[in-house]
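Everything below concerns the one structure shown next.
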Amino acid sequence: MTESNLESTAATSEAPSSSFLRGIIAEDVSTKKFGDAVIQTRFPPEPNGYLHIGHAKAICIDFGLADEFGGKTNLRFDDTNPEKEEQEYVDAIQADVRWLGFDWERLCYASDYFPQLYEWALKLIGDGKAYVDDLSADEIRKYRGTLTEPGKNSPYRDRSAEENLDLFQRMKAGEFADGSRVLRAKIDMSSPNLNMRDPVMYRILHATHHRTGDEWCIYPMYDYAHGQSDSIERVTHSMCTLEFADHQPLYRWYIEQLGIFPSQQIEFDRLNLTYTMLSKRKLLQLVKEHRVNGWDDPRMPTLSGIRRRGFTPGALRALCAAVGASRTNGSTDIEMLEHFQRDDLNHRANRAMAVLRPLKVVIDNYPEGQEEFVEVANNPEDPSAGTRMVPFSREIYIEQDDFREVPPPKYFRLSPGKEVRLRNAYFVTAQSVVKAADGSLVEVHCTYDSASRGGNSPDGRKVKGTMHWVSTAHALTAEVRLYDKLFSKADPFDFPEGGDLFDNLNPNSLETIVDARLEPSLADAQLGQPFQFERVGYFCLDSDSTAEKKVFNRTLPLKDGWAKIEKKAGA
RNA sequence: UGCCCCCUCGUUCAACGGCAGGACAGCUGACUCUGGCUCAGCAUAUCGGGGUUCGAAUCCCUGGGGGGCAGCCA
């Protein structure tokens, strides 16, 4: 599958919005906080699902900021939980990061550090900083206390270093059952920060890991693995989302106890978009329950979904640059994304004419059997895109919306007696209509002005309306899929007691038109090539297309000023 | 009711003790062979109360509001 045209080249310099993160790094560079070490960041996804738009922000920050300061970024898979992680996700994530326009310095896996992490655990045990606890998960929870009450020490907390060493080695050796013991850091069970109440470092899990297979049956927890992985990679700025702020003291504690490279964690707000749900777990559920057609369903906010939909890396990068980063949690208007997407496509997409809901128009005074070709600009925004020839004939299709028997005020499209322009072709005037027995409109009869060829009348006569059209004899019939928001509420999580997130699913998020009529040049459309169907929207060929049947996805509709006027008049 | 974080136009991000500004959205209008694009203009904000200061969005105190945290998930 080639998607060359949809992808702009590597990420360059979208005007970076200022950000407190930039300020911190600039400060650290000027004070030489890390000596002469190069700025090093990492993007650390867990391979337990597909990347989504929210991750795009993290990627732009991690890669973008490092690049700005001449630094490097690793792609590191945070693969410490074999029960949820799969190679499929590892592959998809790499493809998505590349698609977004970034390339990593090193490809890393937390699982590569399991031996080192194990050695360090041994050291902490030897130093009396960690112990093996035989309490059950349930008991550990009870001993932890609550948000308002301190926890209490485990009865196993004061085992000797020798006993802990022996037990931990036997945990690794596979002598104990899942869940029977854990290794915990010995910190402070009365800390107001729950993360510091002797956090679990290792659990026993006899599960096959997607990379290390059955080599290990003990796996490190996130807190113990992440900071140390950062340190191993000499990450200077480990940027993560706000919910990890409470973990920062623990992040530092491990690094200090171990006396290793002092990576520092900095938190920023995750990207939230209105009408969009970015919970990996819930996204998985949408897929598993077949509420959408897979991870790359064009309605999904996954990078693979919006890519198939026709969204572009440049637009995503522009959005991320525009929203910046802060420590405030909020929700960005989806319109912002749509704006940057339209802006990107407006410059790059070739135009074409396509009629989604066809209405036949017969030009009575046009010679029967005649055909001709009019020259049309491929992209008025970009002369270098060249021109193409589009066939015109006596019978054409126009959009049903472009004709009204009884025109409302300010309507300047086709209506009886009204003259309009067929884009790049001729002026036509509607003369009469033909209706079926049930009163429905069958076709419109017009006359044309042969002197107006190309779209202008030599007498300087003006028309208000210009519409797109497709010659019936030359038309390509295709399926067109119109997508709308997946959720109908700005906040998908806003549902009444006893309700469900999925109650907010938009029942009209997909409308399929099976018999749209397209200009013949669209037969050559390539996967990944963006088009603007003039006056309608941005589209791209879908991968479901076959030699016999083309399928197009609507990326986004064009802004519709008329709809606004009409709505206002109706209101 | 413990700890942590956060409160600036409708939304989002700036202003780092010195005239509150940009983007998106909105509204007017101009232009137009896409009711698209573009252009011009308009409107809208520092959560409240104290304090420090010549001067506070910014610093301090206090009240209010929002968010996060009690996985052997990340």
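Per chain, numbering begins at 1; letters A, B, ... match sequence-line order. FYI, side chains are in, hydrogens and waters are out, and symmetry mates aren't considered; it's all heavy atoms of this structure.
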>> Need one value for A:Y219: base, sugar-phosphate or nothing, where a base atom within 4.0 Å counts as base even if backbone is also close, heavy atoms only.
In response: nothing
> Looking at A:K559, does any N or O in its side chain come under 4.0 Å of the phosphate oxygens OP1/OP2 on B:G35?
Replying inline: no
> Considering every strand shown, what is the Watson-Crick or G-U wobble mate of B:G48 when both distances are under 3.5 Å?
Replying inline: B:U62
>> Rounding to an integer number of Å, can you tell me how far A:N81 CG sits from B:G71 P?
In response: 16 Å
>> At 4.0 Å (heavy atoms only), tell me whether A:Y411 reaches a base, stays on the sugar-phosphate, or touches nothing.
In response: base
> When we call it a touch if two heavy atoms are under 4.0 Å apart, what does A:D269 touch: a base, just sugar-phosphate, or nothing?
Replying inline: sugar-phosphate
> Below 3.5 Å, does any donor atom in the side chain of A:D560 face an acceptor in the base of B:G35, or the other way round?
Replying inline: no
> Which residue, A:G330 or A:K464, contacts RNA chain B at a nucleotide closer to its 5' end, judged by nearest heavy atom?
Replying inline: A:G330
> Counting any heavy atom closer than 4.0 Å, what does A:I140 reach on the DNA or RNA strands: base, sugar-phosphate only, or nothing?
Replying inline: base
> When all nucleic acid strands are considered with a 4.0 Å heavy-atom cut-off, which category describes A:L242: base, sugar-phosphate, or nothing?
Replying inline: nothing
> For B:C27, which nucleotide is its Watson-Crick or G-U wobble mate, given both distances must be under 3.5 Å?
Replying inline: B:G41
> Which part of the nucleic acid, if any, lies within contact of A:R144, taking any heavy atom under 4.0 Å across all strands shown: a base, the sugar-phosphate backbone alone, or nothing?
Replying inline: sugar-phosphate
>> I'd like to know if A:Q532 reaches the base of B:U34 with its side chain such that a donor and an acceptor end up less than 3.5 angstrom apart.
In response: yes
>> Taking pairing as Watson-Crick or G-U wobble with both contacts under 3.5 Å, can you name the mate of B:G36, or confirm there isn't one?
In response: none
>> Judged by each residue's nearest nucleotide on RNA chain B, which is more toward the 5′ side, A:R181 or A:L147?
In response: A:L147
>> Taking any heavy-atom pair under 4.0 Å as a contact, classify A:E534: base, sugar-phosphate, or nothing.
In response: base
> Base, sugar-phosphate, or nothing: which does A:R413 touch, judged by heavy atoms less than 4.0 Å apart?
Replying inline: base
>> Rounded to whole Å, please give me the gap between CZ in A:R76 and P in B:A74.
In response: 13 Å
> Within the structure shown, what part of the strands sits under 4.0 Å from A:R423 by heavy-atom distance: base, sugar-phosphate, or nothing?
Replying inline: base
> When all nucleic acid strands are considered with a 4.0 Å heavy-atom cut-off, which category describes A:S191: base, sugar-phosphate, or nothing?
Replying inline: nothing
